[in-house]
S.K.: 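For reference, the structure I am asking about is given below.
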Amino acid sequence: MTAFTDITAFRSAGTVLPLRRPRSLIRAAQAGQAGWRRTCHLPRLLRNPACPPAGSALPRLRDEEERLNEARLARAPGYDMQRHVLVMIALLAEMRAASPCPVNAPGTATPALL
């Protein structure tokens, strides 16, 4: 089995090419959406005293995720898988928060239109 058989692609806003990450990493990030509390978790993750406006943290999150992914691919001894999952959770949540169309979090029901 090759390393490329277990990869899921997702497209982030503003990028030309989709990001390709292991399916297990994407699933962990999707599962973490249920417990994500933006105003509490994002400032701590970014090491900021205040929560930035929706979407403004995306470039910083993308840069950090890319750095973590490069460390993962290089099997660097300092690679932090837990932080990588947290950054992926934040990245997915921020893409949803910055979306012009409201998108429900995974596992939540869509309100009925009256």
S.K.: Roughly how far apart are H84 NE2 and R72 CZ, rounded to 0.5 Å?
M.R.: 6.5 Å
S.K.: So, using side-chain hydrogen bond (donor to acceptor under 3.5 Å, both in side chains) as the criterion, who are the partners of H41 when residues are at least two apart?
M.R.: none
S.K.: Just how far is it from atom CG of N69 to atom CZ of R21, taken to the nearest 0.5 Å?
M.R.: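 Reported value, rounded in 0.5 Å steps: 3.5 Å.
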S.K.: Who pairs with R83 by side-chain contact (heavy atoms from CB on, under 4.5 Å), at least two apart in sequence or on another chain?
M.R.: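 Only L45, R47, E64, L68, D80, V87 meet the side-chain contact (heavy atoms from CB on, under 4.5 Å) criterion with R83.
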S.K.: Applying side-chain contact (heavy atoms from CB on, under 4.5 Å), can you list everything that pairs with E70, at least two apart in sequence or on another chain?
M.R.: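 E70 satisfies side-chain contact (heavy atoms from CB on, under 4.5 Å) with E66 only.
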S.K.: Can you name the closest pair of heavy atoms from V85 and A28 and give their distance?
M.R.: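 Nearest heavy atoms, V85 then A28: CG1-CB, 4.0 Å.
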S.K.: Identify, with sequence neighbours excluded, every residue that meets side-chain contact (heavy atoms from CB on, under 4.5 Å) alongside A76.
M.R.: A71
S.K.: Please give me the minimum heavy-atom distance between I89 and G32, naming the atom from each residue.
M.R.: CD1-CA, 3.7 Å
S.K.: Can you see which heavy atom on A57 is nearest to which on P52, and at what distance?
M.R.: CB-CG, 4.1 Å
S.K.: Could you check if a side-chain atom of N48 sits within less than 4.5 angstrom of a side-chain atom of L42, using non-hydrogen atoms only?
M.R.: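 Of all side-chain heavy-atom pairs linking L42 with N48, none is under 4.5 Å.
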S.K.: Got a second to check how far L86's CG is from R44's CZ, nearest 0.5 Å?
M.R.: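 The distance works out to 9.5 Å.
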S.K.: According to side-chain contact (heavy atoms from CB on, under 4.5 Å), who are the partners of D63, at least two apart in sequence or on a separate chain?
M.R.: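 Partners of D63 by the side-chain contact (heavy atoms from CB on, under 4.5 Å) criterion come out as none, since no residue qualifies.
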S.K.: For the atom pair CH2 (W36) and CZ (R96), what is the distance rounded to the nearest 0.5 Å?
M.R.: 10.0 Å
S.K.: Which pairs, with at least one residue in residues 56-77 and sequence neighbours excluded, count as a ring pair (Phe, Tyr, Trp, His ring centres under 6.0 Å)?
M.R.: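 Output for this query is empty, none listed.
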S.K.: Please find the pair of heavy atoms, one from R38 and one from G55, that lie closest to each other, and give the distance.
M.R.: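 Answer, listing the atom of R38 first, then G55: NH2-N, 4.1 Å.
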S.K.: Kindly give the heavy-atom pair with the smallest separation between M88 and A29, and that separation in Å.
M.R.: CB-CB, 3.6 Å
